[in-house]
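Residue numbers begin at 1 in each chain, while the letters A, B, ... track the order of the sequences.
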2 protein chains.
Amino acid sequence: MIPRIMSRTPPHPTREQIELPLVLDCLSDPIRLAIVYQLAQQERVSSELCCGDFNGLAGKSNLTYHFAKLRDCGLMQTRVAGTNRFMRLRREDLDARFPGLLDAVLKSAAKDADRLQLVAECDVVEAD
Amino acid sequence: MIPRIMSRTPPHPTREQIELPLVLDCLSDPIRLAIVYQLAQQERVSSELCCGDFNGLAGKSNLTYHFAKLRDCGLMQTRVAGTNRFMRLRREDLDARFPGLLDAVLKSAAKDADRLQLVAECDVVEAD
DNA sequence: CCCTATGTTCAATGTTTATTGAACTATCGA
DNA sequence: TCGATAGTTCAATAAACATTGAACATAGGG
């Protein structure tokens, strides 16, 4: 049996490798849009969140799947710390690559927060 | 045998029915993004294009499929005129619903025009 | 050192998607 | 009225996608 390695930082695309269609496709999924939205709100505070902070959105293994997609398209970065993985938006890279895009999407999402069942700004607190 | 009707204007969503995830999903397909991009360039001129103007992008029946998706999500409008169907971007509705979004996507696409194999501004002329 | 918490991997599942080509509908002009 | 032109519909297909649960890996605390 080949042991599988899980403890290393997964690969991320470089800034230049970020592709518009992949980014848009990532953002088109309601769960991933909610993840990105939540990460964007966190930017004002500590800028990082860990997997468990999104448990309300889907099951654990399903979240892992969505995190991988968000990472692969360059929307977010994962940092491994002990048994936790901390994520943050790759805002600088996104803004450099596609100026105004992320903000336009986030503003649009905010406008439809109800419809999209997004967490309100003050709800972004850890659940017990 | 039930005769199928093809000559009536297909249904379009109202402005309020336009949904962010559907719009982003539509724009995430390279062929549809190219269609939208080309329609956006046409805005400066006659604002309308017909199906045949996109024949370079895919086969006819495949284009019909993509047009339907673009219509269903509210990105474009179809007007039936004789044996032609004229399309235009629903810019006003889009801008009202998600301010800045369409322009941000178009600007991002323009930046990657090469990578996305989009027609240059002056190339938007009918092929013989 | 074991137990628990955190998160990943993998295989299986059912759904949606994009793409074809062939058959069809509809309109226009000669 | 016939033929050409423009585009749609439908069925088939293969690929990609989202979701699940069970098994696993990893690190930290008693």
Could you give the [atom1]-to-[atom2] distance, from [X] to [N], as a whole number of Å?
X        : N       : atom1 : atom2 : value
Asp25(B) : dT15(C) : CG    : C1'   : 14 Å
Leu57(B) : dT19(C) : CG    : C1'   : 14 Å
Leu22(B) : dT16(C) : CG    : P     : 13 Å
Asp72(B) : dT8(D)  : CG    : P     : 12 Å
Tyr65(A) : dT13(C) : OH    : P     : 18 Å
Ile35(A) : dA18(D) : CD1   : P     : 11 Å

Report yes if at least one side-chain N or O of His66(A) is closer than 4.0 Å to OP1 or OP2 of dT19(D); otherwise report no.
-> yes

Would you find a donor on one side and an acceptor on the other, under 3.5 Å apart, between the side chain of [X] and the backbone of [Y]?
X        : Y        : result
Arg88(B) : Met76(B) : no
Ser46(B) : Gln42(B) : no
His66(B) : Thr64(B) : no
Gln38(B) : Asp53(B) : yes

Nearest 0.5 Å, what's the CD-CG distance between Glu19(A) and Leu22(A)?
-> 6.0 Å

Given side chain to side chain donor-acceptor pair (under 3.5 Å), test Gln77(A) with Arg90(A) step by step and report yes or no.
-> CA-CA 6 Å; Gln77(A) 207 179 57; Arg90(A) 291 182 62 180; over 6 Å; no

Is [Y] paired with [X] through a side-chain N to carboxylate O contact shorter than 4.0 Å?
X         : Y         : answer
Asp103(A) : Arg91(A)  : yes
Arg115(A) : Glu16(B)  : yes
Lys107(A) : Asp112(A) : no

Remember a base hit wins even if backbone is also touched, and classify Arg32(A) as base, sugar-phosphate or nothing at under 4.0 Å, heavy atoms.
-> sugar-phosphate

On DNA chain D, more 5' by nearest nucleotide between Ile31(A) and Gly82(A) is Ile31(A)

Strictly under 3.5 Å: I want the nitrogen or oxygen pairs between protein and nucleotides 20-22 of chain D, one per line.
unit_1	atom_1	unit_2	atom_2	d
dG21(D)	N7	Ser61(A)	OG	3.4
dG21(D)	O6	Ser61(A)	OG	3.0

Whether each nucleotide of nucleotides 1-7 of chain C has a protein heavy atom under 4.0 Å at its base (B), only at its sugar-phosphate (S) or at neither (-) is summarised, 5' to 3', as -----BB

